[in-house]
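Reviewing the structure listed below.
Convention: sequence-line order gives letters A, B, ...; per-chain numbering from 1. What you see below is based on every heavy atom in this structure, not just the backbone, and it leaves out hydrogens, waters and symmetry mates. Owing to the predicted nature of the structure, the values given are computational and were not obtained by experimental measurement.
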Amino acid sequence: MPELPEVETIRQDMIKKVKGKKIAKVEIRNGKNIRIISPQEFERRLKGKIIKDIKRRGKYLILPLDPPDFLIFHLKLTGRLLFSPAGAKEPDYVRIVFTFTDNTRLFFADIRGFADIYLLTQNEMETVPIIKNLGPEPLSPEFTLDKFKQRLKDKKGKIKPLLMNQSVIAGIGNIYSQESLHRAGIHPERNVSKLTDREIEAIYRSLLEVLQEAIKYRGSSVDAYLDLDGKEGKYVPHLRVYGREGKSCLRCGSPIKKKKIAGRGTYFCSKCQK
DNA sequence: CAATCGTCCTGCGGGC
DNA sequence: TGCCCGCAGGACGATT
């Protein structure tokens with residue numbers, strides 16, 4: 001499941017391999033991921049367009065094309081973007097093939113088919129709530145400790161689902177919310193309104209730390225995530241709680257527990273996360 | 001009104 | 001061993 005670090009890894013690789021290329025052909029084998037417009041219109045509007053840049057907002061990958069269009073991907077659980085040199089073997093689960101004028105190709109693949117693809121104009125970007133409603137970027141310079149405190153102020157409910165709420169902070173999902181809470185020593189079910197300033201600061205620091213570290217290791221290949229070259233991320237061995245049920249906590253040695261919190265599988269240490 | 005549920009979908013794991 | 005059931009999950013809309 002691609003979260004901020006995985007999407008950022010894809011973005012950085014796409015800058016090197018896809019930026020500036022012109023779309024010669026769009027082959028849609030399964031158009032179910034294309035939102036709002038028809039596959040026919042999607043194909044028509046993309047043909048001949050140049051990918052001007054690769055940007056990211058939360059878990060969304062945003063490709064500005066020739067104005068006014070933006071091609072937007074949300075990979076959800078099992079979406080993949082895979083780049084192939086001319087003539088290279090095709091990956092599995094391909095749904096859309098973008099062929100560039102130099103005969104290199106970008107494959108959109110998706111196993112479970114939850115990923116979203118949008119083609120929006122500049123105007124639509126500003127009005128459609130998809131990206132407009134996202135909270136701040138955790139790795140931007142504007143995301144200070146004060147900003148984080150302000151985002152949590154007057155909120156109630158458990159801290160973990162709140163960290164995953166995209167309108168509170170953008171880009172955090174099931175893996176990194178758990179990892180940052182473990183690092184901070186905070187139980188995922190703690191009520192936000194009862195966290196001390198000191199605890200909020202610990203979560204803030206842990207969150208930035210874990211995101212930066214995960215980007216450095218090119219993300220976590222949990223579930224189906226693969227990078228632009230079809231390779232796995234290298235962060236899984238560095239995960240401290242996620243997927244470690246029954247194993248001993250790396251901070252205190254107690255067995256890691258797993259519990260469903262707000263409908264999502266959550267790993268934590270009940271001894272050192274209070 | 002905040003929290004939970006259902007929905008989309010398919011690979012895979014547990015259980016017998 | 002092999003089959004089958006049901007779980008997993010991001011985000012949104014419906015429901016309680």
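A sub-4.0 Å separation between OP1 or OP2 of C:dA8 and a side-chain N or O of A:K260 is present. Remark: A:Q166 is not in phosphate contact with C:dG10, judged by side-chain N or O atoms under 4.0 Å from OP1 or OP2. One finds no side-chain N or O of A:H74 lying less than 4.0 angstrom from the OP1 or OP2 phosphate oxygen of C:dG10.
At the heavy-atom level, A:K155 lies nowhere under 4.0 Å from the strands shown. The residue A:G173 sits apart from the nucleic acid: no heavy atom pair falls under 4.0 Å. Using a 4.0 Å heavy-atom distance criterion, A:D223 is classed as making no nucleic acid contact.
A straight line from NZ of A:K258 to C1' of C:dC7 spans 9 Å, rounded to a whole angstrom. The distance from atom CZ of A:R57 to atom P of C:dG10 is 19 Å, rounded to the nearest whole Å. A:I36 has its CD1 atom 14 Å from the C1' atom of C:dC12, to the nearest Å. Whole-Å rounding puts the A:K76 NZ to C:dA11 P distance at 7 Å. When rounded to the nearest whole Å, the span between CG of A:D116 and C1' of C:dG10 equals 9 Å. If you measure from atom CD of A:E3 to atom P of C:dG9, you get 11 Å, rounded to the nearest angstrom. Between the CZ atom of A:F73 and the P atom of C:dA11 there is a distance of 17 Å, rounded to whole Å. For A:Y225 and C:dG9, the OH to C1' distance is 18 Å, given to the nearest whole Å.
Side-chain atoms of A:D146 and A:T144 include no donor-acceptor pair closer than 3.5 Å. Residues A:N33 and A:D116 bring no donor and acceptor atom of their side chains to less than 3.5 Å of each other. A:T121 and A:N123 share no side-chain donor-acceptor pair at under 3.5 Å. Counting only N and O atoms by type, the side chains of A:S221 and A:Y235 include no donor and acceptor under 3.5 Å apart.
A distance below 6.0 Å separates the ring centres of A:F268 and A:H187. The aromatic ring centres of A:F98 and A:F108 sit 6.0 Å or more apart.
Between A:E213 and A:R183 there is a salt bridge, with a side-chain nitrogen of the basic residue lying less than 4.0 Å from a carboxylate oxygen of the acidic one.
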If you restrict it to nitrogen or oxygen atoms, what contacts under 3.5 Å exist between nucleotides 2-10 of chain B and the protein, and what is each distance?
residue: B:dC9; atom: O4'; partner: A:R112; partner atom: O; Å: 3.2

